[in-house]
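All ligand and atom numbering here is 1-based and tracks the order in the structure. We count residues from 1, following the sequence as given.
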Amino acid sequence: MNKILVKLPRANSAQYSIRIIENLPHNLKKLLPAKNSFSSLVIITDHRVKKLYGQTLSQELQQQGYKVLLFSFPAGEKYKNYQSKINLENQMLRQACDRNTLILALGGGVVGDLAGFIAATYMRGIQFIQVPTTLLAMVDSSVGGKTGIDTPYGKNLIGAFWQPQMVIANIHFLQSLSQKHLINGLIEAIKIFITRDAKSFYYVQKNLSDILQKKPKHLQTIIQRAVKLKTKIVQHDEKETHERAVLNFGHTIGHALEKISDYKILHGYAVAYGILLEAKIAQLLGFLAEENYLMIQTLFTRLGIQAKHLAQFNIQKIIQATKLDKKIKAGKVQYVLLKNLGEIVKQQKSVVHPVEDQIVKNAYLAMRSQNYVR
Ligand SMILES: NC(=O)c1ccc[n+]([C@@H]2O[C@H](COP(=O)([O-])OP(=O)(O)OC[C@H]3O[C@@H](n4cnc5c(N)ncnc54)[C@H](O)[C@@H]3O)[C@@H](O)[C@H]2O)c1
């Protein structure tokens, strides 16, 4: 088992551990806090994960003498909303869950964000444990304490920073995950490697086919490295006032693509196109060498993500949608700019930089004239 500690520099020196394990699901219970440290355990999951793992886990914990309640909601981003939150909270209230209830968020990023937000607000805040079951949730969403729900006005607009008591990433769960969702999560890991750790980028390049075959050793390495990098960033900047913004690489364009596709494109895939266009911007601005851009492009092509597919989106609409970004400053859209593989541009201590719309357009057109976009 691999254990990574997250230490947050607050007055109460909050701290929690992330455990990366490679066991069958029933071994999870060995890591849970002692039975007498909480009044009841509420497993929140989606309908799909409930069938795959939730019911068995809940039965096993009950047999062990835990008081367990299992609540689920329909799978998918469109259920990460107010209504699901209210329904789950009402079920908890009906069952007299109190301030000592412990929530266990069992599922992908949707479950983690929603269950975490319930934990942040139920009786003014209760404890929760993240048990991510998708690669995206293991490498990204379960770490860092961002919780929330989507609204008709945009994604993740209502939420809270609420740190889990523990994160248990059990690689075994990934065996039932589709290739599409595996790649979706891998892109978030690649994103963090591109900005922080060139060696890990080359590791993915070299071992891609084993990773896509879900070989546990490689999954473990990727999760461990991505989590360590994210943990380091979050420890320095829990609430995204400066350094944490590096995690938004590829996301300014990625979020815009999600929005204009009405969220039909998966988050990771939108971020992959975002990475390509944002890397191209850095190249046009003279920061990134073309060979590095091409290395990223080649890796994504091997994942079935081709720059030319970006042409399905209108550049004016992309630029317009970037104006809705939460991170916009004084009317200017901010971008993380690559300097090299594993290194970003930092100017006056800032990791994000305003980029003129015309440059974004030029980057799109440059890709097009080089036949990357048709
Ligand atoms: N909080 C953060 O810092 C943060 C960071 C990145 C993304 N997110 C959020 O994460 C969400 C996306 O997460 P996601 O990609 O995990 O989506 P998801 O939670 O919708 O899971 C994807 C699908 O996989 C299924 N699934 C989950 N685990 C499975 C398993 N082991 N085997 C088979 N199927 C399984 C789910 O039922 C679902 O249908 C978005 O809402 C995004 O906003 C949050």
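Because its NZ or CZ atom is both nearer than 6.0 Å to the ring centre of Tyr203 and within 45° of the ring axis, Arg225 counts as a cation-pi partner of that residue. Because its NZ or CZ atom is both nearer than 6.0 Å to the ring centre of Tyr66 and within 45° of the ring axis, Lys35 counts as a cation-pi partner of that residue. A cation-pi contact, defined as under 6.0 Å to the ring centre and within 45° of the axis, is absent between Lys78 and Tyr263.
In Ala75, the part holding a heavy atom less than 4.0 Å from any atom of ligand 1 is the side chain. Under 4.0 Å from ligand 1, not a single heavy atom of Leu174 appears. Here Leu52 has side-chain heavy atoms under 4.0 Å from ligand 1, and that is the only part of it that gets that close. Residue-level proximity to ligand 1 for Asp46 is carried by the side chain, the only part with a heavy atom below 4.0 angstrom. Only the side chain of Asn156 comes within contact range of ligand 1, with a heavy atom under 4.0 Å; no backbone atom does. Looking at Gln130 against ligand 1, nothing comes within 4.0 Å, counting heavy atoms.
Ranking protein heavy atoms by distance to atom 41 (O) of ligand 1, first place goes to Glu77 OE1, 2.6 Å. Of the protein's non-hydrogen atoms, Ser141 CB, 3.2 Å is the one closest to atom 4 (C) of ligand 1. Annotation: atom 28 (N) of ligand 1 to nearest protein heavy atom, Thr133 OG1, 2.7 Å. In terms of protein heavy-atom proximity, atom 26 (N) of ligand 1 is closest to Val49 CG2, 3.9 Å.
Geometrically, ligand 1 and Thr147 share no nitrogen or oxygen pair separated by less than 3.5 Å. Considering backbone and side-chain N/O of Gly109, one or more are found under 3.5 Å from N/O of ligand 1. Where the criterion is an N or O separation shorter than 3.5 Å, residue side chain and backbone included, Lys146 meets it with respect to ligand 1. Annotation: Arg48 places an N or O atom under 3.5 Å from an N or O atom of ligand 1; distance criterion only.
The distance from atom NZ of Lys280 to atom CD1 of Ile296, rounded to the nearest 0.5 Å, is 10.5 Å. Residue Lys146 holds its NZ atom at 9.5 Å from CG of Asp113, rounded to the nearest 0.5 Å. We find the OG-CD1 distance between Ser84 and Ile149 to be 8.5 Å, quoted to the nearest 0.5 Å. Taken to the nearest 0.5 Å, the CD atom of Gln91 stands 9.5 Å off from the CD1 atom of Ile118.
Between the side chains of Ser58 and Lys50, no donor-acceptor pair of N or O atoms lies under 3.5 Å.
Checked against the 6.0 Å centroid threshold, His267 and His181 do not count as a close aromatic pair.
Between His172 and Tyr53, the two ring planes are perpendicular [angle over 60°; tilted spans 30° to 60°].
Lys264 and Glu258 are not joined by a salt bridge, as no carboxylate oxygen comes within less than 4.0 angstrom of a charged side-chain nitrogen.
Between the choices Thr134, Val111, Asp150, the shortest heavy-atom distance to atom 27 (C) of ligand 1 belongs to Thr134. Of the listed options Leu136, Ile149, Leu114, Leu182, Leu136 places a heavy atom closest to atom 12 (C) of ligand 1. When the heavy-atom distances from atom 22 (C) of ligand 1 to His267, His255, Glu188, His181 are ranked, the shortest goes to His181.
Distances below 4.0 Å separate heavy atoms of Ser176 from the following atoms of ligand 1: 30 (C), 31 (N), 32 (N), 33 (C). Within the listing of ligand 1, atoms 5 (C), 6 (C) sit less than 4.0 angstrom from a heavy atom of Asp140. Interface atoms of ligand 1 facing Gly108, defined by a heavy-atom separation under 4.0 Å, are 16 (O), 19 (O). Within the listing of ligand 1, atoms 31 (N) sit less than 4.0 angstrom from a heavy atom of Tyr53. Counting the atoms of ligand 1 from 1 in the order shown, those under 4.0 Å from a heavy atom of Val110 are 11 (C), 13 (O), 18 (P), 19 (O), 20 (O), 41 (O). Shown in contact with Asn184 at under 4.0 Å from a heavy atom are these atoms of ligand 1, numbered in order with element: 15 (O). Within ligand 1, the atoms closer than 4.0 Å to a non-hydrogen atom of Lys230 are 3 (O), numbered from 1 in the order shown.
Phe128 and Ile86 are assigned to two separate hydrophobic clusters, defined by single-linkage of ILVMFWY side chains at heavy-atom distances under 4.5 Å. When the side chains of ILVMFWY residues are joined at heavy-atom separations under 4.5 Å, either directly or via intervening members, Val360 and Leu284 end up in two distinct hydrophobic clusters.
A donor-acceptor contact shorter than 3.5 Å links the side chain of Ser176 to the backbone of Phe173.
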